[in-house]
Undergrad: 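Before I ask anything, here is the structure I am working with.
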Amino acid sequence: MGAHRSAMAHDPDRTVVAGEFELSARQLRWLHILAGPALFFVSLALPLLGPMNARVGFGILFWMIYWWVTVPVDIKVTCLVPVLVGAAYPYMPLDKVVAAYADKEMLLIIGMSMMTAAWARWGFARRIGLHFLSLVGSNVQAQTVAWFWLCGVVSFVVANTPVGAIFAPVAVAALLYAGYESFEQRYKSAAASNILIAVSWGAAVGGMTTPLGGGQAVVTLSFFEKYLKHEVYFFDWMIRMLPLSLLVMTAMSIMMYYFMRPEITEFKGSKDYYRRELAQMGPMSYEEKVISIGFVLVVGLAMLKPLYAPYVKGPHFAWLNFSPLFFIVASLLFFWPARSRKGENIISIPTLVQHFPITILFIWPASVALGTILNDTGVSAVFAEWLQPFIAAGDVAAISAVTIGSNGLSQVTSDTATAGVMMPLVIKAFSHWNGLEYGAVAFIWIAGASLSFSYATASATGAQGIVAGYGANLQRMFVYGIIGGVISIVITIAYFWLTVAVLKLDFYILPPSTG
């Protein structure tokens, strides 16, 4: 679609045949531009979508998704749709709409982007890319699956936004070496977009495998423990969720490898070629060492936090959180002198001008804002109401409804917001399912698993917003994300139909042990 837009820019009077009509590319572009607000106004007229504020939320959603997929305007313009609507119609106080674009993770995104700009400036990005390519090889599909599994396994214990923030720049480093140097080049390339999408899907898919998998896991754990009135232990959670996560990851790998066909099958070079190029770079420079030590320090402190967290409580240690820590370390590099270039610091304004991924400052906040707005306008509540008739229609219908509902809602809001909506819903609806004292237990597992398999939109997870900012094609993400979501839903329904409805395994039906 990016290529299509570029072609239109060079030949605005080119004709496109559609049935008996011939449209110029300019006319087709305007048709797509007008279709976005048209979807918004149609939504306002549909009582099915709930009260007026919820209809506004649905309208914003349909408008943004349509423009993200068809790309008739610059992606950064699409990111401002909620503000445009808020300025014309006060569905929420305008200051609240603007505030929705601010998120505590923004420091993480800015800090990581500053650090990776330094990677590119001093050659560390090239070194990382060559290392990865020398291990995995140049086959595009193999690289796609490798990134997916790497990020998927890490996401078992790290939230999706940090996983995306850590690995998306590394993937971009590999793509830089393969010749994809700009946002536009990566957006137009199916091969490059596949790599970035795989990073974000991997970051999302493991989010409910353990209680450490992210905000959605934390929300679910909170409701779960309040419902059971006792602690849910890490191992009890993991052994129930891991089998399904591995099944879904395997199916998604097959889909990505065989069906997400790139325009090329191989990136340039072979493993031996990459190794020779790496050898020619020589040992790491002083600047590369400083950058890599800073990166490892931040990631290490974040990963090891459970070990030292009890000793660093209180506001005086707030800087040890992942987001401010990344920003602080990156900011220090503004004052750290380089050795190979006298008079230059490791990060400088020229470095940021040349290498900072500016689009990420639009897409990631807009993704967060969209999820917040949909929740605050009542879209989530309307979606939950739609599930009620199916929940009472028998075990298979209930499993299907909870799975589809959790996944569908997380595709358009966010996995964390979906957990906040779905967990109270399933606890209330199934609290005495089959006469059990804690009948909702099985459906907490079902809803929790399903909401992590959200791949279609940039708002679904922080990782997807991040890779969109680096150039992942949003049309490709949407189309294949829907397909991947359907695959994951089918596997989840089949898995819990067998374990809960047919075999009635206490493993999933009864509460985890109290220790």
Side-chain angles (χ1 to χ4, degrees), residues 34-69 78-103 215-216 219 223 365-393 397-398 400-431 443 447 450-451 454 456-460 485:
L34 295 174
L39 287 170
F40 174 79
F41 287 114
V42 168
S43 300
L44 298 184
L46 296 176
L48 170 68
L49 300 180
M52 185 54 67
N53 261 26
R55 295 182 211 176
V56 171
F58 276 110
I60 291 172
L61 169 67
F62 299 150
W63 183 348
M64 291 183 72
I65 287 178
Y66 186 83
W67 273 9
W68 266 337
V69 170
T78 304
C79 296
L80 300 176
V81 166
V83 178
L84 172 62
V85 175
Y89 173 78
Y91 66 95
M92 288 168 57
L94 192 56
D95 59 343
K96 192 173 181 181
V97 175
V98 174
Y101 283 76
D103 187 89
Q216 73 280 23
V219 171
F223 279 108
S367 306
V368 173
L370 179 58
T372 301
I373 287 165
L374 292 176
N375 205 43
D376 289 353
T377 55
V379 170
S380 301
V382 171
F383 201 88
E385 288 177 13
W386 293 345
L387 295 179
Q388 291 293 349
F390 300 98
I391 286 174
S400 301
V402 170
T403 301
I404 295 169
S406 295
N407 187 267
L409 187 57
S410 67
Q411 295 281 11
V412 296
T413 57
S414 73
D415 48 12
T416 303
T418 299
V421 172
M422 290 301 298
M423 293 309 149
L425 173 66
V426 299
I427 288 172
K428 181 178 179 181
F430 297 101
S431 59
F443 291 90
S450 307
L451 61 84
S454 48
T457 64
S459 63

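Keep in mind that what you see is a predicted model, and the values were worked out from it rather than measured.
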Undergrad: Answer yes or no: is there a side-chain heavy-atom contact under 4.5 Å between V56 and F40?
TA: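 Touching, per the 4.5 Å side-chain cut-off.
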
Undergrad: First locate atom CD of Q216, then atom OG of S454, and finally report the distance between them rounded to the nearest 0.5 Å.
TA: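 If we round to the nearest 0.5 Å, Q216:CD and S454:OG are 8.0 Å apart.
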
Undergrad: Mind listing the closest non-hydrogen atom pair of S450 and S406 along with its distance?
TA: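 Nearest pair, atom of S450 first, then S406: CB-CB, 3.8 Å.
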
Undergrad: Specify the closest pair of heavy atoms between V426 and A447, including all atoms of both residues, with the distance to one decimal.
TA: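 So the minimum-distance heavy-atom pair works out to CG1-CB, 4.3 Å.
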
Undergrad: Do you know the tightest heavy-atom contact between P82 and I373?
TA: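 In terms of heavy atoms, the two residues are closest at CB-CD1, 3.5 Å.
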
Undergrad: Does T457 use its side chain to pair, donor to acceptor, with the backbone of Q411 at less than 3.5 Å?
TA: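 Such a contact is found between T457 side chain and Q411 backbone.
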
Undergrad: To the closest 0.5 Å, what do you measure between CG (D415) and CG (L409)?
TA: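 Going from the CG atom of D415 to the CG atom of L409 covers 10.5 Å.
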
Undergrad: Between N53 (side chain only) and Y91 (backbone N and O only), is there a donor and an acceptor less than 3.5 Å apart?
TA: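 Checking the backbone N and O of Y91 against the side chain of N53, a donor-acceptor pair under 3.5 Å is found.
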
Undergrad: Could you give the distance from CG (D376) to CE (M92), rounded to the nearest 0.5 Å?
TA: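 Separation between the atoms: 4.5 Å.
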
Undergrad: If I compare all heavy atoms of P51 with all of V382, which pair ends up nearest, and what's the gap?
TA: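 Shortest heavy-atom separation between P51 and V382 comes out as CD-CG2, 4.1 Å.
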
Undergrad: Identify the heavy atoms of A419 and P424 that sit nearest to each other, and give their distance.
TA: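 Closest heavy-atom pair between A419 and P424: O-CD, 4.0 Å.
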
Undergrad: Would you confirm whether S410, through its side chain, and N407, through its main-chain N or O, come within 3.5 Å as a donor-acceptor pair?
TA: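 Answer holds: yes.
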
Undergrad: If you compare all heavy atoms of L451 against all heavy atoms of M423, which two are closest, and at what distance to 0.1 Å?
TA: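 Nearest pair, atom of L451 first, then M423: CD2-CE, 4.0 Å.
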
Undergrad: Could you tell me whether the side chain of F58 reaches within less than 4.5 Å of the side chain of L46, counting heavy atoms only?
TA: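 No. Closest side-chain heavy atoms not under 4.5 Å.
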
Undergrad: Does any part of the side chain of L49, heavy atoms only, come nearer than 4.5 Å to the side chain of F62, both counted from C-beta?
TA: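 Result yes, sub-4.5 Å side-chain heavy-atom pair found.
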
Undergrad: Can you tell me how far the OH atom of Y101 sits from the CG atom of L80, to the nearest 0.5 Å?
TA: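 Separation between the atoms: 5.5 Å.
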
Undergrad: Closer than 3.5 angstrom, by distance alone: can the side chain of Y66 be matched with the main-chain N or O of P37 as a donor-acceptor pair?
TA: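 Here the side-chain-to-backbone pair does not exist.
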
Undergrad: Could you measure the distance from the OG1 atom of T377 to the CE atom of M52? Nearest 0.5 Å is fine.
TA: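 One finds 12.5 Å between OG1 of T377 and CE of M52.
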
Undergrad: Hey, could you give me the CD1/CG distance between I60 and L84, rounded to the nearest 0.5 Å?
TA: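 If we round to the nearest 0.5 Å, I60:CD1 and L84:CG are 9.5 Å apart.
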
